[in-house]
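Down below is the structure, laid out as structure tokens.
Just so we're on the same page: letters track the sequence lines, and every chain starts at 1. Because the structure is predicted, anything quoted here is derived from the model rather than measured.
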Amino acid sequence: MSNHTTIMVVTANDLIDGDAVWLTPDKDWTRDIRKAETIENERAAQSRLGEAESHPGKVIGPYLAEVRHGPAGAEPVHFREIFRTRGPSNYPHGKQEIDPGVEAEIEAEIEERICVSV
Amino acid sequence: MYRYNDFDNAFVRERIRQFRAQVQRRIVGNLTEDEFKPLRLMNGLYLQLHAYMLRVAIPYGTLNAQKMRQLALIATRWDKGYGHFTTRQNIQYNWPKLSDVPDILEDLAVVQMHAIQTSGNTIRNVTADHFAGAAADEIEDPRPYAELIRQWSTDHPEFQFLPRKFKIAVTGSPHDRAVTRAHDIGLRMVRNGAGETGFEVIIGGGLGRTPIMGKVLRGFLPARDLLPYLEAIVSVYNLLGRRDNKYKARIKITVREHGIEAIRQRVETDFVLRRNSFAGADQALLNDIQNSFRPPVFIDAPVNSFDVARKNDPDFDMWVKTNLTGHKHPGYAIVTISLKTPGGTPGDATAQQMQVMAELAERNGHDELRVSHEQNIILPHIHKSHVPDVYNALHAVGLATANIGLVSDIIACPGMDYCALATARSIPIAQEIAARINELKLERDIGPLKIKISGCINACGHHHLGHIGILGLDRAGVENYQITLGGEATENAQLGERAGPGFAAREIVPAIERLIHAYLARRKNPSETFLETYRRLGLEPFKVALYGEGRTRHAA
């Protein structure tokens with residue numbers, strides 16, 4: 001058995017503007033992944049996902065995504081999830097438009113994890 | 001340009017009214033997403049990575065100034081000031097709010113446009129040669145037939161729940177600019193021995209995870225039999241097409257599993273029955289439609305100013321060489337406006353740029369614009385005496401890039417910057433290649449070379465048909481790019497061949513550069529194109545350029 005524990009968050013898109021959102025410990029939705037509730041137990045994760053699916057008036061398409069613990073809270077692992085915390089790469093639109101700091105932080109991540117030689 | 005009749009207007013308005021109520025019920029929680037999703041997709045509304053996306057149909061890629069201006073207005077009023085023109089000749093808005101979409105659809109209806117059947121398992125927006133009505137090599141303008149197909153397929157009661165989406169492309173020219181062999185049905189206008197106009201009917205083409213070139217179902221179909229014959233094909237597919245596995249549901253798989261001969265027999269039998277039921281109504285409709293597509297009243301005027309401008313302005317002359325195509329009427333040219341400014345996003349135009357293009361169409365272009373599947377905008381009818389003015393106006397808004405058909409005229413799907421299906425990004429790769437080519441100052445020397453990039457195997461970027469195709473994949477959580485070589489999208493359409501293992505994002509631009517240098521070093525003479533050199537030498541020297549002599553790279 002692997003000693004690596006998969007840490008999950010529940011993520012979705014906002015019903016009205018489609019922006020990426022994450023489920024918080026108090027069962028609300030945040031646009032900042034660092035404030036998301038991290039879940040380390042598969043059964044709890046499924047249960048939270050079930051609860052999220054019962055919020056059809058707030059979000060669309062909830063699913064579980066893997067994260068890791070960072071200094072300020074949850075951090076995305078897969079590059080698709082990194083993009084969802086930032087916005088597109090061709091214009092400063094999406095989350096990076098509202099919080100340019102996100103861009104700088106994530107830029108370092110991208111350099112480190114996406115452009116690695118294979 | 002076809003004008004909506006009362007029926008069309010009432011239909012579009014009624015659909016908006018219905019959708020407005022559906023959106024309202026979704027927002028207050030009376031509809032679940034499972035219930036709402038098919039309804040929003042019927043109206044072209046997708047959920048993507050960071051926002052919703054609205055795909056607006058541009059039937060056979062034809063616009064007039066009024067429509068283009070309205071697209072600009074929508075970009076400003078409801079989106080972030082730009083729109084993305086796609087390989088399906090449509091426009092996509094990347095940032096609409098769900099609650100605004102009914103109003104956006106109202107704004108579209110004002111100019112007789114909509115987003116119906118731009119998604120879902122229906123007959124999608126019909127595409128056509130972007131030079132239709134202007135091309136020197138054309139038999140007949142294919143757009144009246146495309147419009148006939150649009151009217152027949154819109155809300156067709158038998159075809160709202162097909163096994164999978166269904167795409168039809170039409171060309172009126174022997175030179176195929178509509179990629180007819182990569183569509184569910186491709187129609188190539190031909191003449192028979194008696195000089196009558198008809199269609200070569202091709203079925204079962206498509207790219208995606210199983211790329212297949214279409215096969216000829218009928219060598220000559222009289223034009224008057226078009227609708228009953230199409231209806232027979234789609235009906236046979238509707239019954240035979242697989243619904244158990246979405247990856248095997250397209251007609252290309254139906255043809256492969258049953259064989260073209262068995263499909264032909266069924267279609268021909270069904271066709272005989274259906275033909276009787278049409279009873280000439282379709283021909284009366286076609287006649288009406290043809291009146292809306294009368295050629296413009298072309299002018300005859302001296303072209304000296306054009307020749308003088310070419311002599312005096314080398315930049316203008318360079319642009320003329322790449323962006324103008326011969327027109328059927330003497331003194332005229334087809335102008336292709338590149339939406340591929342190096343560093344920009346392929347296919348994007350700002351609201352201001354759309355307004356300028358609309359203005360030029362109205363002032364100098366007989367009120368016509370086209371969207372090409374190569375993600376550029378066409379002014380199909382510009383008299384040469386107006387070309388210098390058109391160029392200057394385009395130049396003023398950053399639209400005078402002289403690169404049509406060259407390396408930086410790259411097709412790229414939205415990729416993972418926008419698309420929820422994507423496995424990797426496409427846009428930054430296109431931007432980096434174009435920027436690098438610009439630095440090298442080799443573009444003119446390289447000559448015709450088509451690079452096409454898709455961000456997943458669904459192949460919206462037509463990568464299989466690129467002279468150089470790039471496919472972005474997710475390999476163990478890292479973006480990885482596979483190269484195919486030798487594809488072609490013309491009447492000699494051919495699928496490219498996979499070169500070998502993929503490259504990381506950081507390695508892909510140098511890899512493309514090595515391919516280009518390998519071509520330059522091996523071409524017989526400067527007039528031998530990349531594709532010709534590739535056809536002559538085959539994959540091997542290019543493989544060496546990519547992976548090194550005698551070295552086999554491990555798959556990523």
Side-chain angles (χ1 to χ4, degrees), chain A residues 4 6 11-22 31 33 52-63 65-68 76-99 102-103 106-107 109-118, chain B residues 26-37 40 45-53 80-82 94-100 343-346 348 412 414-418 420 422-425 427-428 430-431 474-480 501-507 553-556:
Chain A
H4 170 77
T6 306
T11 184
N13 291 75
D14 180 78
L15 176 64
I16 303 298
D17 64 17
D19 194 11
V21 291
W22 293 268
R31 296 182 185 229
I33 190 174
E53 280 162 352
S54 67
H55 300 174
K58 286 185 179 168
V59 298
I60 164 172
Y63 62 93
E66 190 181 350
V67 292
R68 62 181 183 188
V77 172
H78 191 276
F79 61 85
R80 184 180 194 275
E81 295 304 314
I82 297 175
F83 299 155
R84 289 180 76 243
T85 64
R86 183 182 68 160
S89 42
N90 60 335
Y91 300 117
H93 292 157
K95 291 188 194 298
Q96 61 204 345
E97 189 172 24
I98 302 153
D99 177 10
V102 172
E103 188 179 7
I106 301 299
E107 207 58 60
E109 289 285 331
I110 302 264
E111 276 302 303
E112 183 189 331
R113 277 191 262 168
I114 293 179
C115 295
V116 288
S117 181
V118 286
Chain B
R26 174 71 181 100
I27 290 173
V28 300
N30 291 343
L31 285 179
T32 64
E33 185 57 24
D34 284 348
E35 290 163 331
F36 181 64
K37 191 176 175 184
R40 68 171 161 80
L45 187 64
Y46 287 74
L47 177 72
Q48 302 292 21
L49 225 55
H50 314 290
Y52 287 93
M53 178 273 281
K80 292 190 188 288
Y82 76 101
N94 287 325
W95 302 95
K97 286 191 173 61
L98 174 63
S99 45
D100 291 340
T345 302
D348 277 13
M416 205 186 270
D417 284 308
Y418 296 94
T423 43
R425 290 174 298 175
I427 292 168
Q431 288 173 315
D474 171 355
R475 282 285 150 88
V478 177
E479 287 173 301
N480 186 267
F503 294 86
R506 194 174 270 164
E507 296 176 332
R553 285 187 33 149
H554 295 292

Check each atom of [X] against the heavy atoms of chain A and say whether the ones under 4.5 Å are side chain, backbone, both or neither.
X: B/Ile27; answer: both
X: B/Ala420; answer: both
X: B/Leu47; answer: side chain

**Study point:** Side chain, backbone, both or neither of A/Asp19 within contact of chain B (heavy atoms, under 4.5 Å)
**Key:**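 For A/Asp19, heavy atoms of backbone and side chain both lie under 4.5 Å from chain B.
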Review point. Which bit of A/Val59 comes within less than 4.5 Å of chain B, counting heavy atoms only: side chain, backbone, both or neither?
Key: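 For A/Val59, the backbone is the part near chain B, not the side chain.
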Check your understanding: Looking at A/Asn13, A/Asp17, A/Leu15, which one has more heavy-atom pairs under 4.5 Å with chain B than the rest?
Key ->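 Most pairs with chain B among the choices: A/Leu15.
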Point to revise | Intermediate values then yes/no, salt bridge (Lys or Arg N to Asp or Glu O under 4.0 Å), B/Arg26 and B/Glu35 | key: CA-CA 9 Å; B/Arg26 174 71 181 100; B/Glu35 290 163 331; over 6 Å; no
Check your understanding: If you measure from CD on A/Glu81 to OH on A/Tyr63, what distance do you get to the nearest 0.5 Å?
Key -> 3.5 Å
Check your understanding: CD of A/Gln96 to CZ of A/Arg86: how many Å apart, nearest 0.5 Å?
Key -> 5.5 Å
Review point. Between B/Tyr82 and A/His93, how do the two ring planes meet: parallel, tilted or perpendicular, split at 30° and 60°?
Key: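 B/Tyr82 and A/His93: parallel rings.
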Review point. Among B/Gln431, B/Gln48, B/Lys80, who wins on heavy-atom pairs under 4.5 Å with chain A?
Key: B/Lys80
Practice item. Find the one option among B/Met416, B/Met53, B/His50 whose heavy-atom pairs under 4.5 Å with chain A are most numerous. Key: B/His50
**Study point:** Salt-bridge contact A/Arg80-B/Asp474 (side-chain N to carboxylate O under 4.0 Å)
**Key:** no
**Study point:** Exercise: identify the closest heavy-atom pair between A/Ile16 and B/Tyr52
**Key:** O-CE1, 3.5 Å
